[in-house]
Amino acid sequence: MGARLRERDADPGRLAAADVHRQHLRAHLRGARLRRRPGVPAAPRLHRVARVPRGVGGAGLRRLADRDRGRHLPPGADVRQHRGGAPAPPGHRDLAAADQLRRVERAGRADGDRARPERAGAPQAAGVRVTTGTGMPAAGVRVRIAPSPTGYMHVGTARTALFNWLFARQQGGAFVLRVEDTDRTRLVPDAIDDLMAGLRWLGIAPDEGPGIGGDAGPYLQSERLAIYRPYAERLVAEGHAYRCFCSADRLRGVREARQSAGQKIGYDRHCRDLPPEAGARRAAAGEPHVVRLKMPLAGAATLHDVLRGAIVFDVAEIEDVVLVKTDGFPTYHFAVVVDDHLMGITHVLRADEWIPSAPIQLQLYACFGWDEPVWAHLPLVLNPDGGGKMSKRKTVGPDGRPLEQMTLVREYRAAGYLPEAMFNFLARLGWSYSGAEEVFSRAQAIERFRVEDVKPSPAAWNPEKLDWLNGVYIRGLEPDDLAARLAPFFERAGLAADLARLRAVVPLIQPRIETLADAPGLVDFLWADAVAPALEELVPKGLDAASTAGLLAAAEATLGALAAWDHAAIDAALRALAAERGLKAGVAFQPIRLAIAGRSVAPPLFETLEVLGRDATLARLAAARARLAAQP
RNA sequence: GCCCCCAUCGUCUAGGGGACCAGGACAUCACCCUUUCAAGGUGAAGACGGGGGUUCGAAUCCCCCUGGGGGUACCA
């Protein structure tokens with residue numbers, strides 16, 4: 001029994017219904033063996049595993065294993081037995097017992113975290129398939145992302161993809177991309193390209209998918225229409241679904257009326273009891289219609305979520321949703337179930353927002369007699385202020401100016417974020433590598449990732465932390481590598497970006513940029529023909545125009561006479577000059593910096609001069625001196 | 001409105017009945033280093049939403065409230 005069941009204490013009827021439903025489901029699970037398409041290897045299922053940490057029975061087992069480490073489990077021990085046929089645990093009536101159960105669950109979970117290696121050799125209880133009790137990746141895990149091509153890739157999609165990828169890699173399984181393009185009205189033509197580009201950029205490209213191939217294709221739902229049809233027909237034939245001929249107008253009217261009357265369900269099930277033959281006849285005559293799921297009028301549906309335990313829904317509150325649209329395309333609810341089943345998906349790791357629709361899908365699994373996948377609903381990514389799903393909307397920047405929150409992967413890429421930094425950042429949203437380490441590699445993440453460790457609470461996007469992380473990754477790059485990555489950003493800024501020049505500039509900027517796009521603005525003066533510092537800035541406090549001009553002239557002479565043009569020599573010469581004139585370094589170098597860079601904030605002076613070259617340096621010093629001299 | 005999810009510093013998180021007057025990271029502030037700006041170093045400030053239970057003991061388990069979020073389509 002899952003955690004949440006206890007919350008239903010007040011409603012024994014509902015609870016009983018939940019039990020009945022679960023028994024139903026179990027009967028299905030036992031009876032109906034997974035029918036697999038030829039060519040799709042039977043995947044060992046892991047769902048007991050994932051559920052064990054939350055299920056009381058499983059937790060009990062684990063706790064047993066913990067306490068009597070090394071002792072073998074009773075051969076007959078079966079998680080399903082524990083969670084299933086048994087009467088409702090005392091927790092339903094008795095708070096103290098419930099408390100006890102909670103503790104057991106926690107213990108189980110903690111045990112799962114720590115005791116893995118120790119438990120490696122322990123034989124598994126019958127019927128319990130544990131992920132990696134042997135330390136070996138369990139083969140056959142198949143996960144997927146199922147985005148719809150209605151826009152460019154969102155960072156939330158990227159995060160979901162990342163967690164799926166991580167899990168697949170860690171389990172030695174397959175990561176599948178299935179494109180849910182069943183809404184023909186919202187298609188964006190290059191959305192799929194953008195998605196693939198984003199996934200590749202992040203280094204989490206799918207193993208199977210459109211344009212990639214695989215045994216479970218096609219991976220575009222629009223190419224699977226013929227596949228869905230018989231399943232829809234089967235549901236209708238078996239009385240699990242019905243044809244609905246209601247017009248959009250009627251539906252709208254009904255929904256409004258019912259909503260204002262406080263009814264829970266928007267559709268009045270007008271066509272639900274139409275005789276099937278009549279429906280078939282009208283359909284055959286070409287009358288436009290949809291196919292709706294005949295949702296049970298009462299009962300409970302239980303979603304077993306890896307992160308949240310059991311979530312019980314009252315099915316009476318769920319509408320007879322449309323399964324097949326008038327245009328013959330399946331809706332999400334229908335296609336997702338058929339495809340996940342046909343594609344052998346073992347674990348569904350998807351966003352939180354799908355929880356409310358889960359009972360519909362559960363119902364479909366039950367109707368078809370198919371084994372459910374393991375469910376894990378991942379927390380949403382929220383706006384930086386925590387106010388709602390991350391979306392493109394106006395916020396106020398640090399400078400008080402209106403700013404648009406970036407939400408697209410391509411935007412972050414264009415803004416000069418490194419894919420490895422983005423990967424790291426995304427992984428840290430809702431999951432932590434450890435209590436202390438913020439920066440970790442892909443390999444490390446793969447090694448440690450566990451779905452159960454994902455936090456169930458939503459996480460706000462933290463732009464400052466992303467910037468910092470990106471800076472960390474930039475500083476960690478080999479200079480040649482950084483130069484190469486910088487090239488397109490310099491080009492975009494209109495600065496001729498030959499690699500040798502960039503390579504020379506890298507040391508000036510590497511510790512000073514947070515994004516690749518920051519770079520050109522830091523050193524663009526090196527590309528300029530001349531710079532024009534503000535005269536009043538050129539003269540430091542404590543000096544006047546004449547003495548500043550004198551200083552610049554001296555610098556010009558000193559540097560012009562320098563034997564070697566490198567920063568060490570420049571350093572020595574300029575320091576000597578400052579000392580000679582009785583000036584502190586900070587005072588003496590600032591006018592030179594202004595003369596050279598045209599501004600007071602710039603990369604370190606000597607290295608900059610070295611890159612600028614002697615001729616340009618002398619010319620700029622002379623120009624600044626001339627301007628000072630022209631002062632009244 | 002109804003249904004569902006969630007709840008530790010501003011943010012991301014560690015924590016899973018005693019090891020916690022709660023640890024780390026970003027951001028903030030101060031100091032050090034320093035030719036400016038960074039980077040780096042050191043330090044400071046900063047949280048268990050509230051109320052009830054359970055318990056010898058609660059950030060941790062339970063309930064309620066509050067708050068936040070999601071869903072409520074012939075969208076996904």
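Labels below follow one simple rule: chain letters A, B, ... track the order of the sequence lines, proteins then strands, and each chain is numbered from 1. Both backbone and side-chain heavy atoms feed into the values below; hydrogens, waters and symmetry mates do not. These figures come from a predicted structure and were not determined experimentally.
Between Lys325(A) and C75(B) there is a side-chain polar atom (N or O) within less than 4.0 angstrom of OP1 or OP2. Look at Thr331(A) and you won't find any side-chain N or O under 4.0 angstrom from OP1 or OP2 of C74(B).
Rounded to whole Å, atom C1' of A76(B) lies 13 Å from atom NE2 of His377(A). The CD atom of Glu437(A) sits 17 Å away from the P atom of U13(B) (whole-angstrom rounding). When the C1' atom of G15(B) is taken as reference, atom CH2 of Trp431(A) falls 17 Å away, rounded to whole Å. Here the P atom of nucleotide C74(B) and the CZ atom of Arg252(A) are 11 Å apart, to the nearest Å. For the pair Leu466(A) CG and A25(B) C1', the computed distance is 14 Å after rounding to whole Å. Protein atom CG of Asp385(A) is 19 Å distant from nucleotide atom P of A27(B), rounded to whole Å. One interatomic measurement links the two molecules: CZ of Arg448(A) to P of A14(B), which rounds to 13 Å at whole-angstrom precision. The interatomic distance linking Arg258(A) (CZ) with G1(B) (C1') rounds to 15 Å, in whole Å.
Remark: the backbone N or O of Val336(A) is not paired with any side-chain donor or acceptor of Asp339(A) at under 3.5 angstrom. Looking at Asn383(A), its side chain does come within 3.5 Å of a backbone N or O of Ser391(A) through a donor-acceptor pair. Side chain of Arg620(A) to backbone of Ile596(A): a donor-acceptor contact under 3.5 angstrom is found. With His154(A) contributing its side chain and Met390(A) its backbone, the two residues share a donor-acceptor pair below 3.5 Å. Under the 3.5 Å distance criterion, the side-chain polar atoms of Asn470(A) are left unmatched by any main-chain donor or acceptor of Leu466(A). Remark: the backbone N or O of Pro288(A) is not paired with any side-chain donor or acceptor of Thr326(A) at under 3.5 angstrom. Remark: side-chain polar atoms of Arg428(A) are paired, donor with acceptor, to backbone N or O of Trp431(A) under 3.5 angstrom. The main-chain N or O of His567(A) is never found under 3.5 Å from a side-chain atom of Asp571(A) such that the two would form a donor-acceptor pair.
Taking atom C1' on both G15(B) and A59(B), the two are 8 Å apart, rounded to the nearest angstrom. Atom P of G51(B) sits at a distance of 14 Å from the matching atom of A58(B), rounded to the whole Å. A25(B) sits 12 Å from A44(B) when the P atoms are compared, rounded to a whole Å. Taking atom C1' in both U28(B) and C9(B), one finds a spacing of 12 Å when rounded to whole Å. Separating the C1' atom of C64(B) from that of C20(B) is a span of 27 Å, rounded to the nearest Å.
At a cut-off of 3.5 angstrom, counting only N and O atoms as typed in the model, there is a donor on one side and an acceptor on the other between the side-chain of Lys465(A) and the base of C12(B). A donor N or O paired with an acceptor N or O is found under 3.5 Å between the base of C12(B) and the side-chain atoms of Arg428(A).
Nucleotide A14(B): unpaired (no Watson-Crick or G-U wobble partner with both distances less than 3.5 Å). The partner of A7(B) is U66(B), by the rule that a Watson-Crick or G-U pair needs both atom distances under 3.5 Å. Across all strands shown, G43(B) is found opposite C29(B) as a Watson-Crick or G-U wobble partner, with both distances under 3.5 Å. Partner assigned to C20(B) is none, using Watson-Crick or G-U wobble distances below 3.5 angstrom.
In summary, the side chains of Asp320(A) and Tyr242(A) do present a donor paired with an acceptor at a separation below 3.5 Å, with no hydrogens or angles considered. With hydrogens and angles left out, the side-chain atoms of Ser357(A) and Gln361(A) include a donor and acceptor closer than 3.5 Å.
Residues from residues 177-188 of chain A lying near RNA chain B, meaning a heavy-atom separation below 4.0 Å, are Glu180(A), Thr182(A), Asp183(A), Arg186(A) in numerical order.
By the 4.0 Å N-to-carboxylate-O rule, Asp268(A) lies too far from Arg258(A) to be salt-bridged with it.
Val290(A) comes within contact range of at least one nucleobase, with a heavy-atom separation under 4.0 Å.
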N/O-N/O pairs, protein side and nucleotides 67-70 of chain B side, under 3.5 Å:
unit_1	atom_1	unit_2	atom_2	d
G70(B)	OP1	Lys389(A)	N	2.9

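Within the cation-pi definition used here (under 6.0 Å to the ring centroid, within 45° of the axis), Arg292(A) qualifies as a partner of Tyr267(A).
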- line: Scoring nucleotides 30-48 of chain B by protein non-hydrogen atoms under 4.0 Å (B base, S sugar-phosphate only, - none) yields -----BBBBSS--------
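Aromatic pair Tyr417(A)/Trp468(A): ring centres not closer than 6.0 Å.
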